[in-house]
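Scroll down for the structure; my scribbles are underneath it.
Each chain gets a letter, A, B and so on, in the order its sequence line appears, and its residues count up from 1. Nothing here was measured: the structure is a model prediction, and the numbers come from that model.
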Amino acid sequence: MLTKQQIQAAVAVMSKMFPDAQPSLDARTPFQYMISVMLSAQATDISVNKVTPQLFKDYPDPQTMAAASEVALQADIHSIGLYRNKAKHMKAASEALLRDFNGVVPHTRNELMRLPGVGRKTADVVLADAFGIPAFAVDTHVTRVTKRLRMVPQKATVLEIEQRMMQMMPEAQWVATHHTMIYFGRYQCLARAPKCEQCPLLDICAEGQQRLGLKQAN
DNA sequence: AACTCGGGGCA
DNA sequence: TGCCCAGAGTT
């Protein structure tokens, strides 16, 4: 397991590799940001950004989205995966927003997670990126990267990863670390074919060394 | 913990 | 073509 110093040093290296790592969703309001993040589940930001301009032109706020039919919402997001579920969640979340939160996107994770279609990851990203509230969102990239680099135990749950990484990194860096790891996971530490041969973290990465046959497990 | 939803990306 | 994926909800 990597030490706190090693983890912070590794994150610093990733940050130098991807200095422009930042949220890339097109959205103008917290509501639109929340919807964009919901759509990001199992879809790329690029795919989401293709449909949100028309979606938010047609339904810019929870009032109009709650009033829309699921079929009409599906039409605007048809080109992304899981669009039926997502249309249902968008409408239901808009209705819940109006019913329970006076149409205002809440600023706490527990409140956000009460909205249909909003889970831990989506809630954390909304807090961090729409409101600037410190949060460490753990997604599949963060899970894969932290486990490969032995920043967390191999069996760690999402909650355990989140708690450990929040202890390892200064609070002021939680959000940036999340985005850095997204980029590192997306472009360097790929799920299926990680680019270990040209990875600057190879010297401290147990899995990378194992993959290249430079060292046995552990 | 396992299963479902689903079009897109990549081999 | 066939597999995997920037999740969340249900059982």
Q | Sequence neighbours excluded - salt bridge (Lys or Arg N to Asp or Glu O under 4.0 Å) pairs with any residue from residues 153-173 of chain A | A |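 Residue pairs passing salt bridge (Lys or Arg N to Asp or Glu O under 4.0 Å), neighbours aside: A:Arg109-A:Glu162, A:Arg120-A:Glu162.
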**Q.** Interatomic distance at P, C:dG7 relative to B:dC10, whole Å
**A.**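 C:dG7 and B:dC10 have their P atoms separated by 15 Å.
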Q: Return the orientation label for the A:Tyr183 and A:Phe18 ring planes: parallel under 30°, perpendicular over 60°, tilted otherwise.
A: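 Ring orientation of A:Tyr183 relative to A:Phe18: tilted.
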Classify [X] by what it touches in the nucleic acid, base, sugar-phosphate, or nothing, heavy-atom distance under 4.0 Å.
| X | value |
| --- | --- |
| A:Ala193 | nothing |
| A:Thr140 | sugar-phosphate |
| A:Arg186 | base |

Q | Nearest heavy-atom neighbours spanning A:Met38 and A:Gly117 | A |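 Looks like CG-O, 3.8 Å.
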Sort me out a list of protein N/O and nucleotides 9-11 of chain C N/O pairs below 3.5 Å, or just none if empty.
{"from": "C:dG9", "atom 1": "OP1", "to": "A:Gly117", "atom 2": "N", "distance (Å)": "2.7"}
{"from": "C:dG9", "atom 1": "OP1", "to": "A:Val118", "atom 2": "N", "distance (Å)": "3.4"}

**Q.** Separation of C:dA6 P from A:Arg144 CZ (nearest whole Å)
**A.**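 About 5 Å, once rounded to whole Å.
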Q) To the nearest angstrom, how far is A:Asp45 atom CG from B:dG8 atom C1'? A)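 Rounded to whole Å, this separation is 14 Å.
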Q: Look at A:Glu207 together with A:Lys147 and state whether they make a salt bridge at an N to O cut-off of under 4.0 Å.
A: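 Between A:Lys147 and A:Glu207 there is no salt bridge, as every charged N stays at least 4.0 Å from the carboxylate O atoms.
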Q.
Side-chain N or O of A:Ser47 versus OP1/OP2 of B:dG8: is the shortest distance under 4.0 Å?
A.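 It does not, given that no N or O in the side chain of A:Ser47 lies less than 4.0 Å from OP1 or OP2 of B:dG8.
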